[in-house]
Amino acid sequence: QVQLVESGGGSVQAGGSLRLSCALSGTTYSANVIGWFRQAPGKEREGVAALYTGHGSTNYADSVRGRFTISQNNAKPTVFLQMNNLSPEDSAVYYCAAGPLQLRPDWGLTEDEYQYWGQGTQVTVSS
């Protein structure tokens with residue numbers, strides 16, 4: 001079992017930044033991909049970034065590439081999502097998830113790759 005707890009959400013003006021954290025605990029060795037997803041009201045959940053903890057490879061959705069950065073702190077198992085140049089379209093509940101690596105071009109960005117999910121943290125960007 002893997003437990004994930006997100007934090008760091010909040011309200012920010014357009015152009016601002018936020019850093020989300022995902023604290024991991026439990027048996028994490030089998031869940032070597034950590035992903036960040038978001039879901040806005042009335043929309044499907046969207047994968048935005050993923051990290052393969054084995055050697056730090058990352059993958060991003062086109063909508064956030066160049067603005068968001070996923071990273072990890074191995075000493076205190078935590079995965080971060082640094083979000084810069086935010087726009088109102090980035091407003092959503094953000095979730096982190098954990099699962100095993102699957103070798104596919106869009107690895108880490110689809111829900112069916114993940115077994116464990118956090119409870120989510122709200123991000124609101126005002127114009």
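Since we're looking at a predicted model, the values are computed, not measured.
- Closest non-hydrogen pair, A14 versus P88, comes out as CB-CD, 4.2 Å.
- Atom-to-atom distance recorded for C96:SG and E6:CD is 4.0 Å, nearest 0.5 angstrom.
- Closest heavy-atom contact between A40 and A92: N-CB, 3.8 Å.
- A 4.5 Å side-chain heavy-atom check between S11 and Q122 finds every atom pair outside the cut-off.
- Between Q72 and P77 there is no side-chain heavy-atom pair separated by less than 4.5 Å.
- Using a 4.5 Å cut-off between side-chain heavy atoms of Ile, Leu, Val, Met, Phe, Trp and Tyr, Y116 falls into a hydrophobic cluster with V2, L4, V12, L18, L20, L24, I34, W36, V48, L51, Y60, V64, F68, I70, V79, L81, M83, L86, Y94, V123, V125.
- Checking side-chain atoms of S91 against main-chain N and O of T124 turns up no donor-acceptor pair under 3.5 Å.
- Side-chain contact check for S17 and N84: at least one donor-acceptor pair (N or O, by modelled atom type) lies under 3.5 Å.
- To the nearest 0.5 Å, atom CZ of residue R19 and atom CD of residue Q82 are 7.0 Å apart.
- Grouped with V93 in one hydrophobic cluster are V33, F37, Y52, Y95, L101, L103, W107, Y114, W117, the linkage being side-chain heavy-atom contacts under 4.5 Å among Ile, Leu, Val, Met, Phe, Trp and Tyr residues.
- We find the CG-OG distance between D90 and S63 to be 7.5 Å, quoted to the nearest 0.5 Å.
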Stepwise salt bridge (Lys or Arg N to Asp or Glu O under 4.0 Å) test for D112 and R45: CA-CA 11 Å; D112 63 4; R45 196 175 309 194; over 6 Å; no
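- For the atom pair CZ (F80) and OG (S21), the distance works out to 5.0 Å, reported to the nearest 0.5 Å.
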List the steps and the verdict of side chain to side chain contact (heavy atoms under 4.5 Å, CB included) for Q119 and V5. CA-CA 7 Å; Q119 82 288 350; V5 178; 4.3 Å; yes
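- Side chain of R38 to backbone of E46: no donor-acceptor contact under 3.5 angstrom is found.
- Annotation: the span from E113 atom CD to D106 atom CG amounts to 6.0 Å, rounded to 0.5 Å.
- For E44, the CD atom sits in a loose shell: 12 or fewer heavy atoms of surrounding residues, nucleotides or ligands are nearer than 6.0 Å.
- Distance check: R104 CZ to L109 CG gives 9.0 Å after rounding to the nearest 0.5 Å.
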